[in-house]
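Working notes for the structure below.
Every heavy atom of this structure was used, including side-chain atoms; hydrogens, water molecules and symmetry mates were not.
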Amino acid sequence: MKKFEVKEGSDTEVVKELFKEYSQIKGAESCFVSFDKELADLEAFYRGGALLVGYEENAPVACIAIKKLNDTVCEAKRLFIKPENRGKGYARIMLNTMLDKAKALGFKEVTFTTKPSVMQIGYGLYKRMGFEEYGEDNGIVSMRMANL
């Protein structure tokens with residue numbers, strides 16, 4: 001079993017590379033509205049939240065971000081596992097680390113959107129982990145976990 005650990009992403013260049021690779025996934029284009037603005041200043045975009053990077057044997061292979069919406073609600077964004085590193089349970093580790101971090105930051109609820117037609121495996125994992133759907137618009141599903 002390879003060593004996998006999650007660190008807060010202080011190296012924004014590493015985070016940008018993972019985000020850019022994620023943005024190339026076929027069908028995910030609609031998830032990247034105002035992406036240039038986000039990439040231009042990751043620290044400002046995610047102020048009050050966090051950037052988390054998953055490392056396998058010290059190589060960055062996964063990411064997830066927490067965006068502050070208000071004092072009690074945050075949005076999870078950009079969960080991505082490099083294709084060659086999928087199927088190892090890293091998405092669940094990233095999500096659990098994100099939930100722990102969101103709780104530590106004082107958030108009571110995490111929301112996010114996903115596109116089940118493109119991200120079927122992730123969608124199934126979210127449901128198994130207890131995230132609930134609260135809306136759907138044009139194939140994009142809004143989910144949340146309250147009472148962190």
Side-chain angles (χ1 to χ4, degrees), residues 1-12 14-35 38-39 42 45-70 72-148:
M1 181 91 185
K2 294 193 177 197
K3 183 178 169 214
F4 183 77
E5 64 179 331
V6 183
K7 299 178 189 171
E8 203 143 339
S10 55
D11 185 345
T12 54
V14 168
V15 175
K16 281 181 190 178
E17 287 310 307
L18 288 164
F19 281 13
K20 284 179 191 169
E21 188 173 337
Y22 177 22
S23 73
Q24 304 304 310
I25 294 174
K26 181 127 184 66
E29 304 83 7
S30 63
C31 301
F32 291 88
V33 182
S34 27
F35 191 48
E38 180 180 341
L39 285 181
L42 285 175
F45 195 82
Y46 291 103
R47 186 168 290 122
L51 296 167
L52 303 171
V53 178
Y55 293 86
E56 181 184 270
E57 303 291 331
N58 296 317
V61 299
C63 61
I64 193 167
I66 300 170
K67 180 171 176 49
K68 179 179 180 174
L69 298 181
N70 61 45
T72 59
V73 181
C74 65
E75 181 182 13
K77 295 176 73 68
R78 313 284 179 239
L79 173 63
F80 173 67
I81 315 295
K82 287 184 172 234
E84 63 272 20
N85 297 94
R86 292 180 186 160
K88 300 178 181 181
Y90 293 167
R92 183 179 290 274
I93 294 168
M94 295 301 292
L95 284 162
N96 281 323
T97 304
M98 177 275 300
L99 289 168
D100 290 344
K101 182 66 180 177
K103 189 175 184 175
L105 289 169
F107 296 113
K108 306 285 182 237
E109 182 176 319
V110 175
T111 67
F112 64 93
T113 55
T114 188
K115 204 168 178 183
S117 63
V118 178
M119 296 152 192
Q120 295 150 327
I121 293 169
Y123 177 68
L125 175 62
Y126 306 144
K127 301 226 8 144
R128 286 192 303 280
M129 287 184 69
F131 287 93
E132 59 183 24
E133 283 185 40
Y134 68 93
E136 187 271 333
D137 182 36
N138 205 19
I140 296 173
V141 173
S142 297
M143 300 186 85
R144 71 173 161 224
M145 185 177 286
N147 308 315
L148 294 183

Looking at every heavy atom in both [X] and [Y], which two are closest together, and how far apart are they?
| X | Y | answer |
| --- | --- | --- |
| Leu105 | Gly48 | CD1-O, 4.0 Å |
| Ala50 | Glu8 | CB-OE2, 3.8 Å |
| Lys82 | Pro60 | CE-O, 3.4 Å |
| Gln120 | Pro116 | CG-O, 2.9 Å |
| Arg86 | Ile81 | NE-O, 2.7 Å |

Once you measure the plane-to-plane angle for Tyr22 and Phe80, does it fall in the parallel (<30°), tilted (30-60°) or perpendicular (>60°) bin?
parallel
Just say parallel, tilted or perpendicular for the rings of Tyr46 and Phe19, cut-offs at 30° and 60°.
perpendicular
Taking the side chain as every heavy atom from C-beta outward, state whether Val14 and Tyr55 have any pair of such atoms under 4.5 Å apart.
yes
Could you point out which residue of Ile64, Asn96, Leu52, Val53 forms a side-chain contact (heavy atoms from CB on, under 4.5 Å) with Val6?
Leu52
State the CD-OG1 distance between Glu17 and Thr12, to the nearest 0.5 angstrom.
10.5 Å
NZ of Lys16 to CG of Asp11: how many Å apart, nearest 0.5 Å?
10.0 Å
Under a 3.5 Å distance rule, please check whether Glu57 uses its side chain to pair with a backbone N or O of Lys3 as donor and acceptor.
yes
Taking the six-membered ring of Phe107 as reference, does the NZ or CZ atom of Lys68 fall below 6.0 Å from its centre and within a 45° cone about the axis?
no
CA sep, side-chain torsions, deciding dist, call: Lys88, Glu56, salt bridge (charged side-chain N to carboxylate O under 4.0 Å, His left out):
CA-CA 11 Å; Lys88 300 178 181 181; Glu56 181 184 270; 2.7 Å; yes
